[in-house]
Structures are given as C-alpha cells and as structure tokens.
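If you read the sequence from its start, that first residue is 1, and numbering goes on from there. Predicted model, so just to flag it, every value in this text is computed and none were measured. Order of appearance sets the numbers: ligands from 1, and atoms from 1 within every ligand.
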Amino acid sequence: MLTKDLKEAWSQFLDFIEDRCSGTEFENWFSPIEIVEGVENELTLRVPSIFVQEYLLDNYEKDLRGFLPVRPDGSLAISFLIAEEKKVTHRPMPQAPKQASNDPAHSLNLNPSYTFPYFIEGPANQFVKSAALSVAMRPGKSYNPLFIHGGVGLGKTHLLHAIAHYAVEHHKKLKIHYITTEAFINDLVSSLRNKSSDKYKRFYRSLDILLIDDIQFLQNRLNFEEEFCHTFEALIQQSKQVIVTSDKPPSQLKLSERMIARMEWGLVAHIGIPDFETRVAILQHKAELKGIRLPPKIAYFIAEHIFNNVRQLEGALNRLSAFSKLMGKEITEDVVTASIGELMQSPQGKKVSVDVILKNVATLFEVKESDLRSQKRTKKIAFPRQVAMYLAKELVTHSLTKIAQSFGGKTHSTLLHAWKKISKQAELDDKLKRQIQMARRNIEA
Ligand code: ADP
Ligand code: MG
C-alpha cells in the first residue's frame, strides 16, 4: 500500500473511532498521534508515550485490522515511534494534574447532598453504610481497603462522597482526594505527557484518604492498572485509607490476580436493591428535600412500580413534581401515570407471586407446598420456608407486611429475620447459593 493510501486509511479509522468514543477519550488518546513518513506498506505512528501505543493495541486492534494492512505473518502493519525519545517537542505543555488545594471541601467536587444523614438505610444497605461510616470515623484503622460494589444507581457514589464529607469535616489535617477512575487515568496520561509523572506519583502517595469511584473502568487498561496498583499498595502499607467502588465484586473484574487480591485485602461490601419500605422512605425523604408534597399512597404506588434503581426513583419524583406544577394539579395516581408512565416497570417484568415461589421452592427441596404454608417447625420444613421468604422479599414488589401475610399470617419481622439469615448463609454456602439461583431462574422464567 502506498503511503498516501495509508494516510487515507488512518484518517478513515479516526473518523470511525470519533463516532464511537467520548470527546475526552478522543482528545486524550487519538489527537496526539501523528503519522510519520516511514516504510512502505507499513504505517508509522508517532505517539506521545508507550501508554498510547498500548492503549491503541489493547482496545482497538480489531478495528484497526478493518482499515490497515497486515504483514505476511498476520500482525498489524503499524510501527510506533515514541515521541518522548525525541529531543525537541513543539507541543505546548498541557496543564499540570489537578492538586488538592488547601481547602479540600471545595476542591474535592463533592455533591453537597451526598452525605450520611441523607442516605436512607434499609436491610440491603445497612451493612455497607455502617462500614462506610466506620471507615470515615477511623480512616486507616478499620477496614482497609473498603470495597463497595453494587448495581447502577444504588448509592455507591453517594456513600463515597459521604465518607469524604465526613472526613473533611472531622479530620481537618488529613489530605483527602476523591476521584473517578476515568479522571485518575486522564490525570496520569497528562502527567506523562507533561513529564510530571513523578509529581503525580508523589501527590497520590502522600494522601491520607483516597476515594476512587467506578474502578471497573480500570479493566483492560493494563498500564494504568499497574500504576494504580503501586499507588494502592503504597497507601495501604502506610495504613492510609483507600475506598473503592465498583459495579461488580473484585473477583468478577477483569483485572490482574494481584490487583483482585489487593481489593479483597480489606472488606468487600455489597450494596443491594432497596426493599419496598426503603424505597418509600427514600421517596419521602427526597420529596421533603425538594419541597414536594407526596401523599403516602402515591409514594407506595411509585415504589411498587420503580424498584431496581434509586436514581430512577428520584428522576420519577422530579418529573412528577414538574408535571404537577405545570398542570396545576394535585399529585394523584392519574397524574403519576401520565407523567412517569414510561418509567414504570411492570413489577419484575412480570408479577411474581408468593404462590409461584412456594411451588418452586417445594419442588427444589422436595417438600410439600402445603407444609411450607403450615405452622410446622421441623428443620426439614422451616429451612425451605425461610428460603421461600428470602425469595419473596427479593422478588415480590409488595410491602413486607403483605408478603408475610401470604406465608400463613407471619409477621413482617419474621420475614426480615428469614431474609437476613438466608442472605448471610448463602454468602458462605455455595450449594445454597446455587439452589437459590436455580429457584430464581425457574421463578422468573
Ligand atoms: P451509583 O453510584 O451506585 O450508581 P449514586 O450514588 O449516584 O449511585 O446514587 C444515585 C442517586 O440515588 C443519588 O441521587 C443518590 O443520592 C440516590 N440514592 C441512592 N441510594 C440512596 C439511599 N439509600 N438514600 C438516599 N438516596 C440514595
Ligand atoms: Mg456512581
């Protein structure tokens, strides 16, 4: 291929990529790459650092193959020149990485309402909240690192900010830094470009508390993973507190074994989907903050229909409030349906009933369905009944009181007790975990 065609092919590749990544990503990674006149049939690129080369090959090799020639041995016909090896660079120096100023509260960029008092507790997040509070109160002295994981919109960032707020207020002398993984990587890249990576490393290693959000973005970014791992180890070894959030537990992250092991050094805490009562409490709390009058009946109605993401609950509330102001109407069920209808999920995609759960659990444990509904308390019956209660709390969107009644008039607290017991046990007992997964699949199928 002629050099001109190669240039054309590279520019087509850039057009292709530009549509597929964020503006920042493009600016950071692709804009600094230059084409160099080089060997025939081979594209020679000048990259600002080895990181850019590896980033390109790690993430885009497949796409590159669609645009560029390959060598007879099947490898991509690209060679790289690292710009750092050149003596002169004409590029203006980008800004230095962000530093925490003397007033951490302002420079940390924290959301003022993501605090502990504004975090509503329920059985699914009580444990993680108390772990977060304990770390905030005694940084470096309780769990280190604290690893918080859970699905989207369940309050991971909220808790991370809450720890930072608390620490800023109560430990004034400590150097605290909150950063998203994305920003951590971007800072590292610009410090490399700046040749200020020593300064960058010194900054991170001098922290007393590092809070890092969404660590899953470190996956498939080998070089950054390594740098992060060094920082991480350096901090932990000096008993400096590290708190990490992620959308998955450490073992499910595509990171090196070493990194995963480090994440598991301290406490791994899961933040679950809030149950019905907690969802109602969150709605009422947020409504109060926003000065919205939310009748309990409406809060129940919303909580029954939006159940797996707190951010959506909040979004629903905002829209509802805007809608009712605009139309000058009181908030009623009709107003709710009209304003947030499309946000509402039909519970769990389809309605799961306690009957279906009992039927499946009875089959799985080879007991009679009628025994599960009865008052019998032998272990052979009581245990599957608790599993059924656990599943009911997880899968049925009604209030606990209502669910408990369907178990032959049990109380709300019996149900909660069963749920706690089984969730704890399933964490330790793989067989039980698999049984529950199996039952769940059947019930939801
Ligand atoms: P994540 O980081 O897990 O995706 P966020 O922390 O951004 O979720 O939370 C999404 C929204 O839900 C935020 O506005 C947060 O305040 C709110 N939220 C989540 N859990 C709770 C809770 N238990 N109490 C009060 N607000 C919550
Ligand atoms: Mg978040």
Side-chain angles (χ1 to χ4, degrees), residues 22 108-136 145-167 177-186 210-219 242-250 252-253 263 268-292 294 299 302-303 305-322 340 343 345 393-394 400 416 423:
S22 71
L108 285 179
N109 250 335
L110 300 176
N111 183 322
S113 60
Y114 287 4
T115 59
F116 282 122
Y118 283 3
F119 188 82
I120 306 295
E121 275 183 61
N125 62 28
Q126 225 153 31
F127 175 68
V128 63
K129 187 202 159 177
S130 67
L133 191 57
S134 139
V135 159
L146 172 62
F147 188 100
I148 299 174
H149 69 97
V152 180
L154 297 182
K156 299 182 295 295
T157 299
H158 186 135
L159 275 181
L160 209 56
H161 286 212
I163 297 172
H165 277 299
Y166 187 98
H177 193 55
Y178 164 82
I179 194 161
T180 62
T181 301
E182 202 73 23
F184 177 86
I185 292 176
N186 288 340
L210 172 62
L211 305 113
I212 183 149
D213 208 356
D214 288 325
I215 201 76
Q216 70 272 14
F217 291 120
L218 205 58
Q219 293 176 114
V242 181
I243 305 114
V244 180
T245 71
S246 161
D247 66 350
K248 301 181 200 64
Q252 284 174 26
L253 286 169
M263 299 290 181
V268 175
H270 179 244
I271 184 164
I273 295 175
D275 63 7
F276 179 81
E277 278 75 8
T278 316
R279 296 199 294 278
V280 170
I282 291 175
L283 277 168
Q284 284 169 336
H285 166 80
K286 301 263 176 195
E288 199 176 312
L289 285 182
K290 293 174 208 285
I292 302 169
L294 184 70
I302 301 175
H305 288 87
I306 298 179
F307 40 78
N308 46 19
N309 180 327
V310 179
R311 190 174 296 137
Q312 278 176 2
L313 277 181
E314 216 175 333
L317 196 60
N318 288 337
R319 277 170 66 169
L320 187 59
S321 149
I340 59 168
L343 287 180
Q345 299 138 313
K393 179 174 167 328
E394 289 281 303
L400 291 188
L416 206 56
S423 359

Any sub-3.5 Å donor-acceptor pair from [X]'s side-chain atoms to [Y]'s backbone N or O?
| X | Y | value |
| --- | --- | --- |
| His158 | Thr115 | yes |
| Arg279 | Ala303 | yes |
| Ser246 | Ile215 | no |
| Gln126 | Glu121 | no |
| Lys156 | Asp213 | no |

Seminar exercise, completed: Lining ligand 1 at under 4.0 Å, by non-hydrogen atom distance, are residues Tyr114, Tyr118, Phe119, Ile120, Asn125, Gly151, Val152, Gly153, Leu154, Gly155, Lys156, Thr157, His158, Ile282, Lys286, Val310, Arg311, Glu314
Problem set entry | Which residues share a ring pair (Phe, Tyr, Trp, His ring centres under 6.0 Å) with Tyr178, sequence neighbours left out |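 Tyr178 satisfies ring pair (Phe, Tyr, Trp, His ring centres under 6.0 Å) with His161 only.
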Problem set entry | N, O or S atoms of the protein lying under 2.8 Å from the Mg ion (ligand 2) | Thr157 OG1
Exercise. Looking at side-chain heavy atoms only, is the closest gap between Val152 and Arg311 below 4.5 Å?
Worked result: yes
N/O donor to acceptor pairs below 3.5 angstrom from side-chain atoms of residues 282-290, sequence neighbours left out:
from   : atom 1 : to     : atom 2 : distance (Å)
His285 : NE2    : Tyr118 : O      : 3.4
Lys290 : NZ     : Asn318 : OD1    : 3.2

Seminar exercise, completed: To the nearest 0.5 Å, atom CD1 of Ile163 lies from atom CG of Leu110 at 11.0 Å
